[in-house]
Amino acid sequence: METGKEFSALLQVLAGEQQIIQRTDQKAFTLLSILGVFMVFFIVHFPKIQMTVLIFSLMMIYFTSAMGTVYFLVRVIVPRVHKRKVKTLNKDVEKDEVINPTFFAGISQFQSPEEYAFYLKSIAKDDELLYQMFASQVFALGNINQVKTENIRHSVFFFLTALVSELLIIMSMAYARALPFLFPNG
């Protein structure tokens with residue numbers, strides 16, 4: 001396979017992974033905004049709520065779910081990805097860690113822009129090193145996407161639970177208010 005085709009395929013995967021990250025972040029910010037709106041409405045009407053055992057239970061579910069949603073959405077926005085150990089066939093050989101100059105963590109390891117530029121040029125001269133650098137970036141973005149996707153799934157579950165419990169609170173309050181009008185003799 002030609003080097004140009006290998007790089008082209010790798011860069012397409014890289015672009016796709018970056019788009020997935022952007023869409024996942026957008027989903028997280030949108031869900032956080034929607035939750036904020038629902039929480040404001042809930043807090044404004046909170047003093048008007050007549051407390052019953054059912055409503056109290058639903059409120060505990062609501063607050064717990066809202067906190068779970070916020071927690072997992074923050075984990076989407078700021079994912080925690082653990083470094084994976086490199087396994088080699090020969091246990092006596094340790095693999096040297098190559099600085100990835102495409103991520104801020106790698107860039108920040110250099111003392112000056114000149115040192116960074118020199119390192120980047122030295123990698124660019126060797127097609128294999130350059131390919132490895134981009135491959136490691138694609139792999140890292142894939143890991144980040146996996147963590148973000150897991151957290152967005154958890155946050156959606158908690159968000160829906162919070163939303164359903166809030167709607168059940170509203171429905172039970174509406175039923176309690178309408179009960180005397182529906183059954184005036186009861």
- Query: Atom OH of Y131 and atom CG of D126: how far apart are they, to the nearest 0.5 Å?
  - Reply: 14.0 Å
- So CG of N151 and OG1 of T24: to nearest 0.5 Å the spacing works out to 10.5 Å
- Item | Shared hydrophobic cluster, L129 / V138 (ILVMFWY, side-chain heavy atoms < 4.5 Å) | yes
- Message: Could you see if L32 belongs to whatever hydrophobic cluster contains I152? Use Ile, Leu, Val, Met, Phe, Trp, Tyr and a side-chain cutoff under 4.5 Å.
- Response: yes
- Query: According to a 4.5 Å side-chain heavy-atom criterion applied to Ile, Leu, Val, Met, Phe, Trp and Tyr, with indirect links allowed, do L31 and V78 form part of one hydrophobic cluster?
  - Reply: yes
- Message: Pair M173, I49 - check side chain to side chain contact (heavy atoms under 4.5 Å, CB included), show working.
- Response: CA-CA 8 Å; M173 287 174 48; I49 296 175; 3.7 Å; yes
- Task: Evaluate the side-chain proximity of L14 to L11: yes if any heavy-atom separation is below 4.5 Å, no if none is.
- Result: yes
- Task: Taking all non-hydrogen atoms of both residues into account, name the closest pair between Y62 and A162 and its distance.
- Result: CD1-O, 3.2 Å
- Item | Joint cluster assignment, M60 & V70, ILVMFWY side-chain distance < 4.5 Å | yes
- M51 versus I55, closest heavy-atom pair with distance: SD-CG2, 4.2 Å
- Identify whether L160 and L35 are in the same connected component of the hydrophobic contact network (ILVMFWY, side-chain heavy atoms under 4.5 Å). yes
- When rounded to the nearest 0.5 angstrom, what distance separates OG1 in T149 from CZ in R23? 10.0 Å
- Query: Does Y71 reach the side chain of H154, with side-chain heavy atoms less than 4.5 Å apart?
  - Reply: no
- Task: Using the salt bridge (charged side-chain N to carboxylate O under 4.0 Å, His left out) rule, collect all pairs that involve residues 140-169, keeping only residues at least two apart or in two chains.
- Result: D25-K148
- OG-CG distance between S165 and L163, expressed to the nearest 0.5 angstrom: 8.0 Å
- Message: Other residues, nucleotides and ligands only: do more than 12 of their heavy atoms fall within 6.0 Å of CE on M67?
- Response: no
- Note on the structure: So CE of M59 and OG1 of T52: to nearest 0.5 Å the spacing works out to 10.0 Å
- Message: With a sphere of 6.0 Å drawn around CZ of F110, does it hold more than 12 non-hydrogen atoms of other residues, nucleotides or ligands?
- Response: yes
- Query: With a 4.5 Å limit on heavy-atom distance, are the side chains of Q137 and E17 in contact?
  - Reply: no
- Item | Sole candidate of V164, I61, L58 that passes side chain to side chain contact (heavy atoms under 4.5 Å, CB included) when paired with I169 | L58
- Message: With a sphere of 6.0 Å drawn around CZ of F118, does it hold more than 12 non-hydrogen atoms of other residues, nucleotides or ligands?
- Response: no
- Task: Please test F63 against F42 for ring pair (Phe, Tyr, Trp, His ring centres under 6.0 Å), starting from the C-alpha separation and ending with a verdict.
- Result: CA-CA 11 Å; F63 287 127; F42 188 79; 5.6 Å; yes
- Item | Nearest heavy atoms of S65 and T161, plus distance in Å | OG-CG2, 3.1 Å
- Item | From L73 atom CG to K27 atom NZ, the distance as rounded to the nearest 0.5 Å | 12.0 Å
- Correct closest heavy-atom pair for I77 and F29 would be CD1-CE2, 3.5 Å
